[in-house]
Structure formats: structure tokens, C-alpha cells
Amino acid sequence: MKGNLTIDNGNTSVKVAFFIGTQVVATNRFIRRDARLLERFISTYKPDTAIVCSTASSAASQRIEQLANERCRRALHLTHETQLPIRLGYRTPQTLGRDRIATAVGAWSIARRLDQHCDVLVIDAGTAITYDLVTSDSCFVGGNIAPGLALRFKALHEHTGRLPLIQPEGDTPMVGYDTETAIRSGVMLGLLGEVRSYIADLKLSHPSLMVFITGGDGKWLHSKLADKNIIYSEHLAAEGLNRILLYNQANGNI
């Protein structure tokens with residue numbers, strides 16, 4: 001069957017998805033050095049075209065991109081110069097993370113099916129946590145970048161003399177009663193407070209804001225925010241990459 005392969009070659013793992021039209025058929029995730037899993041995925045679904053979004057550069061990353069070129073009839077490599085269904089209003093598009101473009105397009109695509117006139121905030125809770133805004137006139141205007149959950153724990157451990165490296169699993173009281181809970185609560189409740197504050201402040205200037213959450217820590221973040229108006233999407237980047245690929249196919253660019 002003909003279909004599209006999306007490859008999100010990120011900082012910590014490679015996420016792949018196979019689409020028929022706009023429908024996701026299968027997804028997988030693997031560590032970058034195990035390219036055999038990508039070969040197996042391609043052999044199983046036999047995609048006709050592919051789109052690759054790379055935020056990592058290494059020999060293993062190059063092998064991932066090479067597989068897409070070799071095993072698919074056509075492959076599109078996402079850059080800031082790729083034609084998009086949204087406009088980039090970012091002042092330095094050449095420095096804009098490809099993953100931020102992908103998740104923004106994914107959220108924008110879903111939002112357009114629900115409300116044609118809303119602004120869109122995308123919160124991607126991964127290695128870094130990014131906040132990106134797409135306005136109702138389909139313009140990516142920019143956003144913010146902050147350390148993700150694991151980076152915050154790691155920074156406290158590595159840049160202090162005696163603070164231990166704490167895992168997120170465990171008791172998280174409002175007021176920590178020992179060093180472990182003080183660190184865990186400080187990091188996790190601090191991140192939740194940051195996200196809540198950012199959403200509330202942005203809604204003051206964008207009252208029709210639709211909020212999406214994705215990323216490795218996205219499910220946890222969404223559950224803790226406990227706001228039924230916030231949409232969690234595990235495969236937001238894949239949705240965006242497929243939308244970009246379909247847009248370029250429709251315009252004869254691939």
C-alpha cells in the first residue's frame with residue numbers, strides 16, 4: 001500500500017509513523033543507533049514517500065536519513081526553507097528547531113478542524129520544554145525555550161556540591177520534608193507553576209487560545225494540569241510532518 005513515512009530524529013530517540021492519507025496506521029520509537037528497527041518498519045509498511053525532521057547530528061543520524069533516501073521513492077528533508085501550510089514569522093528561521101515547526105503544524109492542523117478562528121499554543125515537554133504560538137491567521141510568531149523536567153533534576157545535581165540526582169517518581173508534597181522531596185517538589189511543582197502561568201498570561205492577549213501538549217513528559221504534564229480544555233497529542237510532530245508532506249505533494253514539490 002502506498003503511504004507516507006514520517007521520521008522525527010530527535011535528541012533522545014527516533015520516532016517514526018506510517019500514514020495513509022491523513023490517517024496514522026502505525027508508530028514506533030527506537031534509539032538512534034538501532035537503525036535496524038527503522039529498516040524493519042520500512043520493510044513492513046513499504047512507504048512510497050518520506051519526510052525527515054532531524055534535530056540531532058551524528059553518524060547514526062546520517063544513517064537514519066540515508067535509509068529514508070534509499071528505501072523510499074522520494075524523501076523530503078524538513079528545513080526552514082521547506083514550503084509549509086503556515087507562515088514563519090520567526091526573525092531567525094534558520095535557527096528554528098525543525099521539531100518546533102513540525103509540532104506547530106500538527107497542532108495548527110488539528111485546531112483548524114475544531115475552530116477556524118483560534119490561536120494555538122503548543123507545549124512540547126521533552127528534553128527542553130518549548131512554548132510556541134501560531135496565530136489565527138496561520139503565522140508561527142515564536143515562543144520560548146526552557147529546560148525540561150530531566151534537565152532540571154540533572155542541573156541541580158551537577159551544578160551543586162551535595163544535592164543528589166532525584167527521580168521524578170515518588171512523593172511530591174507541597175512543602176518538601178527532606179532533601180529528596182524538596183528537590184522533587186521544587187522541580188515538578190515549579191514546572192507546573194511555570195506552565196500554568198504561561199498559559200494564563202498568554203490568554204490575556206489571546207483569549208481564543210487553544211492549547212496542545214506533547215512530548216516525552218507531555219502525558220504527565222497534561223494529567224497534572226487537569227484541564228479538559230487542554231489537548232494532549234502523543235503524535236503531534238508526526239501529524240505535522242505528514243501535513244507538511246501532503247502540502248508539498250499537493251503543490252508538486254515532491
Side-chain angles (χ1 to χ4, degrees), residues 1-80 82-85 97-107 109-110 122 124-128 130 148-150 212-222 231-250 253-254:
M1 67 185 101
K2 287 189 176 181
N4 292 334
L5 172 69
T6 67
I7 302 176
D8 180 7
N9 187 17
N11 291 310
T12 57
S13 63
V14 179
K15 285 83 69 180
V16 295
F18 177 70
F19 288 81
I20 299 293
T22 60
Q23 182 66 41
V24 61
V25 175
T27 63
N28 205 345
R29 176 193 294 258
F30 53 89
I31 57 175
R32 188 171 298 104
R33 65 176 177 269
D34 197 354
R36 292 172 298 175
L37 291 177
L38 176 57
E39 293 187 73
R40 193 177 306 162
F41 192 87
I42 294 174
S43 296
T44 299
Y45 295 101
K46 298 178 175 58
D48 182 59
T49 52
I51 181 169
V52 182
C53 169
S54 285
T55 56
S57 59
S58 66
S61 292
Q62 291 173 8
R63 176 57 182 156
I64 296 297
E65 297 181 18
Q66 183 181 358
L67 277 171
N69 291 332
E70 292 174 350
R71 300 291 299 276
C72 297
R73 186 168 62 89
R74 293 169 296 176
L76 177 66
H77 295 263
L78 180 62
T79 74
H80 68 281
T82 302
Q83 289 197 25
L84 303 171
R98 312 299 182 246
D99 52 340
R100 292 174 65 189
I101 296 174
T103 54
V105 172
S109 298
I110 296 171
V122 189
D124 188 348
T127 304
T130 58
L149 199 61
F212 289 81
I213 291 179
T214 191
D217 292 318
K219 192 172 185 179
W220 166 81
L221 181 58
H222 183 256
I231 300 170
Y232 168 72
S233 176
E234 181 181 1
H235 305 300
L236 202 58
E239 293 275 359
L241 289 172
N242 187 58
R243 179 69 179 83
I244 294 167
L245 188 53
L246 291 173
Y247 181 79
N248 280 272
Q249 287 172 336
N253 300 322
I254 185 173

Nearest 0.5 Å, please: how far is [atom2] in [Y] from [atom1] in [X]?
X: Leu84; Y: Thr79; atom1: CG; atom2: OG1; value: 8.5 Å
X: Ile231; Y: Ile213; atom1: CD1; atom2: CD1; value: 10.5 Å
X: Leu236; Y: Phe212; atom1: CG; atom2: CZ; value: 7.0 Å
X: Leu78; Y: Asn9; atom1: CG; atom2: CG; value: 12.0 Å
X: Asp124; Y: Thr130; atom1: CG; atom2: OG1; value: 4.5 Å

Closest non-hydrogen atom pair, [X] against [Y]:
X: Ala50; Y: Ile254; value: O-CD1, 4.3 Å
X: Gly218; Y: Tyr232; value: C-CE1, 3.6 Å
X: Ala68; Y: Ile7; value: CB-CD1, 3.9 Å
X: Thr27; Y: Phe41; value: C-CE1, 4.1 Å
X: Tyr247; Y: Gln83; value: CD2-O, 3.8 Å
X: Gly3; Y: Ile20; value: CA-CD1, 3.9 Å

Can you find a heavy atom in the side chain of [X] that is under 4.5 Å from one in the side chain of [Y]?
X: Leu149; Y: Trp220; value: yes
X: Ile31; Y: Ser13; value: no
X: Val24; Y: His235; value: no
X: Thr82; Y: Ile244; value: yes
X: Glu39; Y: Leu67; value: yes

Side chain to side chain donor-acceptor pair (under 3.5 Å) involving [X] - partner list, sequence neighbours excluded:
X: Thr49; value: Asn4, Gln249
X: Gln66; value: Glu70
X: His80; value: none
X: Asp217; value: none

Salt bridge Asp48-Arg74, side-chain N to carboxylate O under 4.0 Å | yes

Do other residues, nucleotides or ligands put more than 12 heavy atoms under 6.0 Å from Arg73 CZ?
-> yes

So the salt bridge (Lys or Arg N to Asp or Glu O under 4.0 Å) pairs with at least one residue in residues 18-29 (sequence neighbours excluded) are none

Check each of His77, Glu65, Gln62 against Ser54 using the side-chain hydrogen bond (donor to acceptor under 3.5 Å, both in side chains) test, and report the only one that passes.
-> Glu65

Distance-only side-chain donor-acceptor flag, Arg71 / Ser43, under 3.5 Å = yes

Examine distances only and state if a side-chain atom of Asp8 and a backbone atom of Val16 form a donor-acceptor pair shorter than 3.5 Å.
-> no

For Thr214, does its backbone N or O pair with a side-chain atom of Ser233 as donor and acceptor, under 3.5 Å?
-> no

Residues two or more places apart in sequence or in another chain: which of them pass side-chain contact (heavy atoms from CB on, under 4.5 Å) with Thr6?
-> Ala17, Phe19, Ile51, Ala238, Leu241, Asn242

